[in-house]
Amino acid sequence: MLRMSSLFLRTLRDDPSDASVPSHKLLVRAGYIRPIAAGIFSWLPLGVIVLRNVERVIREEMDRAGFQEVHFPALLPKDPYERTARWDEYGPALFRLKDRKGSDYLLGPTHEEMFTLMVKGEYSSYKDLPLNIYQIQTKYRDEARPRSGIIRGREFVMKDSYSFDVDDAGLEVSYNKHRDAYISTFDRLGLSYNIVSAMSGAMGGSKSEEFLAPCPTGEDTYVLCKSCGYAANVEAMVTKAEKKSIDTPPQIEVLDTPNTPTIETLVEVMNKKYNANITAAETLKNVLLVADGEPICVLVPGDREVDLKRLEANLVGVKELRLFDDEDFAKRKEFVKGYVGPQDAKRFGIKLYADPRIVIGSHWITGANLQNKHARYVTHGRDFQVDGFVEAAEVREGDSCPKCDTPVVIDRAIEIGHIFQLGRKYAEALELTVLDGQGKSRVVTMGSYGIGVSRAVAAIAEQTHDDIGLVWPKEIAPAMVHIVATGKEDLPFTTAEKIALDLESKGVTVMLDDRKEASPGVKFKDAELIGNPVIVIVGKALAEGKVELRIRTTGAKSEVLLADVIKEVLAALK
RNA sequence: CGGGGCGUAGCGUAGUGGCUAGCGCGUCUGCUUUGGGAGCAGAAGACCGUGGGUUCGAGUCCCUCCGCCCCGACCA
């Protein structure tokens, strides 16, 4: 039983000035966490209980799926991470340190290497697989910008699991087992979420999905089709290319368009000077970039910006991507800033990549590669050929769903889980092989699956809080029932104590506000702020043999007979 | 890393060059009070982030560094 008379807890009346998102404000105000440094927090007693509750739910679901728990150190030697090149690739986000002998160590940002090496050390036969194994660990990433309290910290708790299989079919099975386990986990955690297709990104591998908890303060943007359920991270959103009917356009016509370095000015001049009656969507934007040192040109409709994240995620094999700067334009005089067009790409020796909207046969108004001149009727397939199509343009609300054509909505969310089929990248780098039935050596294929444990605490707080405080689901709350005793007589206190003991004997966890010195108002405010799902008030109504029952989620209030309180509370917790 | 903002008591804040740094919450003591962050009386608690400078005089102006927050870049 949590007794507030002795609980290490101090609630704050004001929001901390350095917090901006609700979960951060409320968790600090209600005494769950305290800030230590940027992106680093202490967990006070209430916070520890909530964090452990989330861990417990995750453990139970992992164990139910038949996965086994291990525990690695957070402090790790450099060597395994050098063998997979991540010592270098992880860059400044890796917390590095040296021991007294000067050897390099790191604080684990994620543990693929350790799991792979562990399995390599114990297993060598296909008969040992499949294997699914997990840990719950504190992870460290020296984020360039920690933000939003515990949503994105530099130290955080994560559940990470890994699957090991002989072949792709096995990997698919392990992947789906994890997917199912995640669904039951997040359901129990009381989170609403969408499962969206994601890019496997820098980690390599193929299939990848994210569990996103919708919330205005989330950092991830995703698209959702309310008609067919298609959901994707904006980076992974596939463009439905409009199959517009295409007539035979006239030959290219070069036009004088003075002072039109932007799409906006171009449209204005076209409409005024040439009575063209066009919109930006009929112009072609030619964006010059440098991809791993090589200049490329990306074509998008003029009414859309290039989404660099999307582009980078979809340009396979490109490690570094940046826009042309003034220096680049100075070096390549053939590219006239503001008047670039694709029709001379071959001559200029530059690769062209088109957004899928630039369909073959479509014609565009675009730069003429001459100062103050544009060209119209520039036709894809006739006047220029591209080296490939790539998802480059920004995604907008109302864009067509690639599956069913319905306009999609765009929403923000917190990434609470990520599952993906890693493949053989780590197994190859660390030579994790098993002998198959024919006695031949096979590289193991892996899956990697993460849940942000501490982040889930924040996500739940974000999704369930209200104006007056936190509201926890019963499995996660510090206690299922918050009992408040009011008045200065002993009776409410002894009665509250008895109710608390009775509830505990039924397996209900209880927080008891047995503070004699605090006024009723203080106790009510604290109860609401702390956010246990059911509140029982033992006070005024006791004269009629009743107590008050409040449901934190709905705000419902009722008076119940003392004799019925256990029954009523149990019913409310159903 | 670029841009912006902010560092005054545990928390929230006032203090635009001039006396001993003010207020609210919280804390402590006493009395009173007990259904919505109670009242009265008293008390403790501040290296005004750091270092340097300007000035007769700096919380206040200038510079340095440190820290924190926000936007962006970054980000399994």
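These numbers come from a predicted model, not from an experiment.
Using a cutoff of 4.0 Å between basic side-chain nitrogens and carboxylate oxygens, K337(A) and D328(A) are not scored as salt-bridged. Using a cut-off of 4.0 Å between Lys/Arg side-chain N and Asp/Glu carboxylate O, K285(A) and E305(A) are scored as salt-bridged.
As a whole-Å value, the separation of E143(A) CD from rC74(B) P is 13 Å. D220(A) places its CG atom 14 Å from the P atom of rC74(B), with the value rounded to the nearest Å.
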#### Entry: Test side-chain hydrogen bond (donor to acceptor under 3.5 Å, both in side chains) applied to Q137(A) and H111(A), step by step
CA-CA 9 Å; Q137(A) 236 307 6; H111(A) 285 73; 4.8 Å; no
### Task
For the pair Y449(A) and S163(A), evaluate side-chain hydrogen bond (donor to acceptor under 3.5 Å, both in side chains) and give the outcome as yes or no after the intermediate values.
CA-CA 8 Å; Y449(A) 317 90; S163(A) 65; 2.7 Å; yes
### Message
Pair Y162(A), F115(A) - check ring pair (Phe, Tyr, Trp, His ring centres under 6.0 Å), show working.
### Response
CA-CA 7 Å; Y162(A) 304 86; F115(A) 274 86; 4.3 Å; yes
### Candidate pair L106(A) and R86(A), rule side-chain contact (heavy atoms from CB on, under 4.5 Å), full reasoning
CA-CA 11 Å; L106(A) 62 111; R86(A) 286 214 293 185; over 6 Å; no
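Between the side chain of E397(A) and the backbone N or O of I410(A) there is at least one donor-acceptor pair closer than 3.5 Å.
Nucleotide rG22(B) forms a Watson-Crick or G-U wobble pair with rU13(B), both donor-acceptor distances falling under 3.5 Å. The partner of rA58(B) cannot be assigned: no Watson-Crick or G-U wobble pair with both contacts below 3.5 Å exists in any strand. Pair check for rG72(B) finds rC1(B); Watson-Crick or G-U wobble, both atom distances under 3.5 Å. Figure legend. rG42(B) is base-paired to rC28(B); pairs are counted as Watson-Crick or G-U wobble with both atom distances under 3.5 Å.
At a threshold of 4.0 angstrom between heavy atoms, the contacts of K139(A) with the nucleic acid are absent. Residue contacts for Y162(A): at a heavy-atom cut-off of 4.0 Å it reaches a base atom on one of the strands shown. Among the atoms of the strands shown, none is found under 4.0 Å from any heavy atom of P92(A).
Spacing of C1' atoms, rG12(B) relative to rG7(B), comes out at 14 Å, to the nearest Å. Across rA9(B) and rU27(B), the matching C1' atoms stand 11 Å from one another, rounded to whole Å. Annotation: rA14(B) and rG30(B) have their P atoms spaced 35 Å apart (nearest Å). For the C1' atom pair drawn from rG52(B) and rG45(B), the interatomic distance equals 30 Å after rounding to whole Å. Comparing the P positions of rG24(B) and rA43(B) gives a spacing of 13 Å, expressed to the nearest Å. Between the P atoms of rC70(B) and rG53(B), the separation comes to 35 Å (whole Å). The separation of rC40(B) from rC23(B), taken at their P atoms, amounts to 15 Å, rounded to a whole angstrom. Nucleotides rG15(B) and rA21(B) are separated by 8 Å at their C1' atoms, to the nearest Å.
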### Task
Assign a letter to each nucleotide of nucleotides 25-39 of chain B from its 5' end: B, base within under 4.0 Å of a protein heavy atom; S, sugar-phosphate only; -, no contact.
SSS------BBBBS-
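Exactly one residue among H178(A), R179(A), H418(A), Q421(A) makes a side-chain hydrogen bond (donor to acceptor under 3.5 Å, both in side chains) with E209(A). That residue is R179(A).
Around the CD atom of E327(A), the shell of radius 6.0 Å holds no more than 12 heavy atoms that belong to other residues, nucleotides or ligands.
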For nucleotides 68-72 of chain B, which of its nitrogen or oxygen atoms have a protein nitrogen or oxygen under 3.5 Å away, and what is each distance?
unit_1	atom_1	unit_2	atom_2	d
rC68(B)	OP1	A38(A)	N	2.7
rC70(B)	OP1	S20(A)	OG	3.3
rC70(B)	OP1	S148(A)	N	3.4
rC71(B)	OP2	R145(A)	NH1	3.1
rC71(B)	OP2	R145(A)	NH2	2.8
rC71(B)	N4	R145(A)	NE	3.4

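In this structure, Q463(A) and P214(A) have side chains that are in contact, with non-hydrogen atoms separated by less than 4.5 Å.
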